[in-house]
Student: 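This structure is in structure tokens; I'll ask about it shortly.
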Amino acid sequence: MSFLAGFAIYFIIWWTVLFCVLPLNIQSQFEKGEVTQGTEPGAPVSPQLARKAVITSIIALVIFMVVYALWDWVDI
């Protein structure tokens with residue numbers, strides 16, 4: 001697998017995992033009881049995007065390592 005192909009596969013895995021991680025540990029303004037005037041009540045109070053980006057990177061790396069090992073094992 002070339003570097004560019006590996007990067008492209010990791011990028012796709014990363015974005016897929018991000019959309020799975022985003023809804024975790026979210027509390028909306030409505031649930032918290034602190035709705036800011038002019039905003040959507042379902043908007044998160046603290047989205048913790050940096051933390052979720054790190055978690056996403058770690059999970060995506062593990063998945064990519066499995067994909068790379070299978071790619072190398074099958075020898076495509």
Student: For the atom pair CE (Met65) and CG (Leu70), what is the distance rounded to the nearest 0.5 Å?
Tutor: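 Here the rounded value is 12.0 Å.
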Student: Do you reckon Leu4 sits in the same ILVMFWY cluster as Trp71, going by side-chain contacts under 4.5 Å, direct or chained?
Tutor: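 Different clusters: Leu4 never reaches Trp71 through Ile, Leu, Val, Met, Phe, Trp or Tyr contacts under 4.5 Å.
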Student: Where do Thr39 and Gln29 come nearest, in terms of heavy atoms and distance?
Tutor: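 Where Thr39 meets Gln29 most closely, the heavy atoms are OG1-OE1, 3.0 Å.
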Student: Out of curiosity, does Phe19 fall in the hydrophobic cluster containing Tyr10 (side-chain heavy atoms, cut-off under 4.5 Å, transitive links)?
Tutor: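 Cluster IDs for Tyr10 and Phe19 match.
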Student: Phe64 and side chain to side chain contact (heavy atoms under 4.5 Å, CB included): which partner among Ile9, Ile59, Ile12, Val17?
Tutor: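 Of all the options given, the one that passes is Ile9.
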Student: How far does CD1 of Ile63 sit from CD1 of Ile58, to the nearest 0.5 angstrom?
Tutor: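 Spacing of CD1 (Ile63) from CD1 (Ile58) equals 12.5 Å.
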Student: Determine the minimum heavy-atom distance between Ser28 and Pro41, stating which atoms define it.
Tutor: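 So the minimum-distance heavy-atom pair works out to CB-O, 3.7 Å.
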Student: Pairing donors with acceptors under 3.5 angstrom, does anything connect the side chains of Ser57 and Trp14?
Tutor: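 A pair is found: one side chain offers a donor N or O, the other an acceptor, under 3.5 Å apart.
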Student: At their closest point, which heavy atom of Ile26 faces which heavy atom of Lys52, and how far apart are they?
Tutor: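 For Ile26 and Lys52, the tightest heavy-atom pair comes out as CD1-NZ, 3.2 Å.
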Student: Would a hydrophobic clustering, with Ile, Leu, Val, Met, Phe, Trp and Tyr connected at side-chain separations under 4.5 Å, put Leu49 with Val54?
Tutor: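 As far as the 4.5 Å side-chain criterion goes, Val54 and Leu49 are not connected within one cluster.
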Student: Can you see which heavy atom on Asn25 is nearest to which on Arg51, and at what distance?
Tutor: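 Smallest interatomic distance, heavy atoms only, reads ND2-NH1, 3.9 Å.
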Student: Where does the angle between the aromatic ring planes of Trp15 and Phe11 fall among parallel (under 30°), tilted (30 to 60°) and perpendicular (over 60°)?
Tutor: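 Perpendicular.
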